[in-house]
Structures are given as structure tokens and as C-alpha cells.
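Structure record follows, encoded as C-alpha cells.
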Amino acid sequence: MDIWKFFDITHREHVVCNPTSEEKLARLVGLLRLPTDAQVVDIACGKGEFLIRLAEAYGVRGTGIDISSFHVADAERTLKARVSNAGVTFTAMDGADFQPDEPHSLDLASCIGASWVFGGHANTLEALINMVNPGGWVIVGEPYWRQEPSDDCLEAYGFAREDLGSHSSNAEAGEQRGLNLVHTIVSSQDDWDTYEGLQWFATAEYARTHPDDPDLAELVERVSKAKANYLRWGRDAIGWAIYLFRSRSAA
Ligand SMILES: C[S@@+](CC[C@H](N)C(=O)[O-])C[C@H]1O[C@@H](n2cnc3c(N)ncnc32)[C@H](O)[C@@H]1O
């Protein structure tokens with residue numbers, strides 16, 4: 001089954017494609033206090049909700065990048081409906097290939113929930129640091145171990161222990177690179193339950209309304225396995241946070 005079709009179906013009920021509630025996303029947007037016409041990029045932007053809210057709140061200019069043409073089409077539709085005159089565009093491409101016109105030229109660079117694009121959390125921070133100007137924002141969303149994972153948990157998820165850090169090591173990775181951590185937005189179990197549970201709901205709806213899709217059996221099997229893993233292991237073991245880092249001003 002095409003992987004982007006899989007994510008399109010499983011995330012049809014989501015506005016935000018990560019375990020952050022819409023209320024917490026509003027807190028993130030409110031804290032950024034960007035100047036009008038700030039230049040921004042959101043790598044792996046999903047359906048574009050973060051960038052669209054930045055355009056609504058501050059009139060930012062910039063780009064959302066996502067590899068899924070399904071998500072980019074959703075983002076373009078929502079942008080047109082909510083801020084049709086925005087200086088924001090969405091592009092379907094591999095986020096690893098994005099470069100701003102000039103290094104250190106953006107007011108904000110973000111990658112929320114897709115650090116594999118750059119080869120992990122530390123490399124994501126390095127990549128985004130090179131995009132922002134002194135005083136600019138580096139915003140990353142990253143999972144972390146809430147508790148030491150059991151071997152069964154690692155096997156179920158196909159993870160190595162070192163694939164995720166702890167909440168404090170995620171934060172320290174930015175500080176070690178000269179960033180100032182000014183806030184974190186940490187998801188609750190309710191936020192996680194909503195993010196995971198909407199995937200089960202969307203899949204059940206799709207199965208009910210598309211009984212003849214040849215991909216249905218694989219879709220349902222994959223979601224059932226992910227549901228069991230989450231209920232048995234992930235719900236207790238894995239946390240999620242968005243880290244608000246500010247690059248230090250030259251002065
Ligand atoms: C967990 S979702 C997060 C989406 C969005 N940042 C949000 O929080 O709503 C991960 C996103 O990464 C995108 N993605 C995966 N690999 C990518 C790549 N190599 N380049 C760009 N986007 C990618 C997926 O299409 C998906 O939209």
C-alpha cells in the first residue's frame with residue numbers, strides 16, 4: 001500500500017498531525033510574537049495548520065514543505081479558505097532538500113514530528129539553526145522515553161533504545177548547540193490518546209465506507225497492530241513535546 005495513502009486515510013480526522021492539542025498549538029503560536037512579514041519555513045508541515053495559524057496571527061511569509069502530496073493539497077485548501085491572500089506557499093518535496101535563499105535568513109524554522117527527515121533530533125537542530133537569523137526561532141517536536149522501555153516495547157515498535165532521548169536530553173541537545181530553550185509544550189496522555197484514537201476512528205470510518213478498496217486488509221491490519229502496541233507499550237513509555245528554542249542574538 002502506498003505509504004502516503006496510508007497516512008492520508010489514518011489522519012483524515014486530524015487537524016494537527018502530532019499529539020499536540022489545538023489549545024496547546026494556540027499557546028505555541030501566541031508565544032512566538034513574530035513581526036509582520038516574518039520569514040518562516042515549516043519542514044514536514046503536514047496539513048499546514050501551524051503555518052496557517054502563523055499567517056492568520058502575524059501575516060508571516062514563507063513555505064510549508066511536505067513529502068505527501070495528499071497533505072500539501074489539504075494544506076492548500078485550508079489556506080485558501082482561511083487566509084487566501086497569505087504570502088505562504090506549500091510545496092511537495094523531501095524536506096531534506098530544502099535550503100533557504102540565504103543561510104541564517106529566516107525568523108523561524110520548524111520541524112514538528114519528523115526528525116527522521118534530517119537523520120534524528122540533533123541533526124534536525126543543526127539544520128534548522130543554519131536557516132535562522134540571530135534571535136530566530138528553532139521549533140522542534142520530538143518524542144521521548146517517559147520511562148525506560150522494556151525489550152518487548154522496543155521489539156514491538158522496532159526501535160533501538162537510542163532512537164529516542166529523554167525529555168531533558170531533547171532539551172539539552174539544543175542548549176549544547178547554543179540555543180536558548182524558552183518554553184516546552186508537553187502533551188498529556190489525553191493528547192496522545194486523541195492523536196492515536198483518531199487514527200483508529202478514521203480507519204474504521206474508511207473501512208465502513210470503502211469496503212472494496214483492495215488496500216483495506218493491509219490498512220486495517222497495520223492500524224490494529226499499531227493500536228495494540230500503543231495500548232500495551234507506547235501509552236506508558238513514550239512522551240511528546242514541542243521545544244521552543246531561540247537562537248542567541250549576536251549582540
Ligand atoms: C507526524 S506528521 C507531522 C506533521 C506536521 N508537522 C504536524 O505536526 O501537523 C509527519 C509529517 O512528515 C511528513 N514527511 C515524512 N517524510 C518527509 C520528508 N522526507 N520530507 C518532508 N516531509 C516528510 C509526512 O508526510 C507527515 O506530514
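The residue from Val60, Asp42, Val83 that alone fulfils the side-chain contact (heavy atoms from CB on, under 4.5 Å) condition with Ile52 is Val83. Partner Tyr243 forms a side-chain hydrogen bond (donor to acceptor under 3.5 Å, both in side chains) with one of His183, His167, Glu142 and no other, that one being His167.
In this structure, Glu23 does not pair ionically with Arg27, as no charged nitrogen and carboxylate oxygen lie closer than 4.0 Å. Taking a cutoff of 4.0 Å between a charged side-chain nitrogen and a carboxylate oxygen, Asp151 and Arg161 do not qualify as a salt bridge. Between Asp8 and Lys5, no side-chain nitrogen of the basic residue sits less than 4.0 Å from a carboxylate oxygen of the acidic one, so the salt-bridge criterion is not met. Between Arg177 and Glu172 no salt bridge is recorded (no basic side-chain N to carboxylate O distance below 4.0 Å). Salt bridge status for Arg208 with Glu205: present, with a side-chain N to carboxylate O gap under 4.0 Å.
At a threshold of 4.5 Å between non-hydrogen side-chain atoms, the residues Asn130 and Pro103 do not count as touching. For the pair Leu244/Trp137, a side-chain contact is recorded, criterion being any heavy-atom separation below 4.5 Å from C-beta on. Under the 4.5 Å side-chain criterion, counting only non-hydrogen atoms from C-beta, Val15 is in contact with Glu22. Residues Cys111 and Leu128 have side chains in contact (heavy-atom distance under 4.5 Å, counting atoms from C-beta outward). Side-chain contact between Val40 and Leu51 is present, with heavy atoms from C-beta onward closer than 4.5 Å. Looking at Arg246 and Val138, their side chains never come closer than 4.5 Å, going by heavy atoms from C-beta outward. Side chains of Cys17 and Lys47 form a contact here, defined as non-hydrogen atoms less than 4.5 Å apart. Side-chain contact check for Ile139 versus Leu32: some heavy-atom pair is nearer than 4.5 Å.
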Determine whether Tyr157 and Trp233 satisfy the following criterion, side-chain contact (heavy atoms from CB on, under 4.5 Å), listing intermediate values before the conclusion. CA-CA 9 Å; Tyr157 275 89; Trp233 317 112; 4.1 Å; yes
Intermediate values then yes/no, salt bridge (charged side-chain N to carboxylate O under 4.0 Å, His left out), Glu221 and Lys225: CA-CA 6 Å; Glu221 190 194 328; Lys225 192 169 166 215; over 6 Å; no
Applying side chain to side chain donor-acceptor pair (under 3.5 Å), run through Ser188 and Asp191 and close with a yes or a no. CA-CA 5 Å; Ser188 66; Asp191 298 332; 3.3 Å; yes
Show your reasoning for whether side-chain contact (heavy atoms from CB on, under 4.5 Å) applies to Phe245 and Asn180. CA-CA 5 Å; Phe245 292 110; Asn180 188 16; over 6 Å; no
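In the hydrophobic clustering of ILVMFWY residues, with side-chain heavy atoms under 4.5 Å counting as a link, Trp4 and Leu198 come out apart. Phe50 and Met93 fall into different hydrophobic clusters, defined by Ile, Leu, Val, Met, Phe, Trp and Tyr side-chain heavy atoms under 4.5 Å apart, directly or through other members. Criterion: ILVMFWY side-chain heavy atoms under 4.5 Å apart, direct or through other members. Under it, Leu25 and Val182 are part of a common hydrophobic cluster. In the hydrophobic clustering of this structure, Leu54 does not group with Phe98; members are Ile, Leu, Val, Met, Phe, Trp, Tyr whose side-chain heavy atoms approach within less than 4.5 Å, directly or through other members. Note on Leu216: it clusters hydrophobically with Phe7, by side-chain heavy-atom contacts below 4.5 Å among ILVMFWY residues.
Taking CD of Glu175 as the start and CG of Leu181 as the end, the distance is 5.5 Å to the nearest 0.5 Å. Note that CG of Leu34 and CD of Gln39 are 11.0 Å apart. Values are rounded to the nearest 0.5 Å. Taken from OH in Tyr206 to CD1 in Ile9, the straight-line distance is 4.0 Å, to the nearest 0.5 Å. Within the model, atoms OG of Ser166 and OH of Tyr144 stand 9.5 Å from one another, a figure rounded to the nearest 0.5 Å. In this structure, Leu31 CG and Arg33 CZ are separated by 6.0 Å, a value rounded to the nearest 0.5 Å. Of the inter-residue distances, the one linking Leu125 atom CG with Ser247 atom OG reads 12.0 Å to the nearest 0.5 angstrom.
Proximity of a side-chain donor or acceptor of Ser110 to a complementary backbone N or O of Val140 within less than 3.5 Å is not detected. Checking side-chain atoms of Ser169 against main-chain N and O of Gly165 turns up no donor-acceptor pair under 3.5 Å. For the pair Asp163 (side chain) and Ala160 (backbone), a donor-acceptor distance under 3.5 Å is present. In this structure, the side chain of Thr203 does not engage the main chain of Val220 through any donor-acceptor pair within 3.5 Å. In this structure, the side chain of Thr184 does not engage the main chain of Val186 through any donor-acceptor pair within 3.5 Å. Side-chain atoms of Asn123 come within 3.5 Å of backbone atoms of Gly119 as a donor-acceptor pair (strictly under, hydrogens ignored). Although no hydrogens or angles enter the test, the distance criterion places a donor-acceptor pair under 3.5 Å between the side chain of His121 and the main chain of Asn170. Using a distance-only test at 3.5 Å, with no hydrogens or angles considered, a donor-acceptor pair links the side chain of Arg248 to the main chain of Leu179.
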Could you go through residues 234-242 and list every donor-acceptor pair under 3.5 Å that involves a side-chain atom there, pairing it with any protein atom two or more places apart or in another chain?
from, atom 1, to, atom 2, distance (Å)
Arg235, NE, Asp193, OD1, 2.8
Arg235, NE, Asp193, OD2, 3.3
Arg235, NH1, Gln189, OE1, 3.4
Arg235, NH2, Asp193, OD2, 2.8
Trp240, NE1, Asn18, OD1, 3.3
Trp240, NE1, Thr20, OG1, 3.0

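Closest approach of Val117 and Gly95 over heavy atoms only: CG1-C, 3.7 Å.
Among residue pairs with one or both ends in residues 87-101, none qualify as salt bridge (charged side-chain N to carboxylate O under 4.0 Å, His left out); sequence neighbours excluded. Contacts classified as salt bridge (charged side-chain N to carboxylate O under 4.0 Å, His left out) and involving residues 58-73 (residues at least two apart or in different chains) are given here: Asp37-Arg61.
Ring centroids of Tyr195 and His11 are separated by less than 6.0 Å, placing the two rings close together.
Taking the ring axis of Phe6 as reference, the NZ or CZ atom of Arg222 stays within 45° of it and closer than 6.0 Å to the ring centre.
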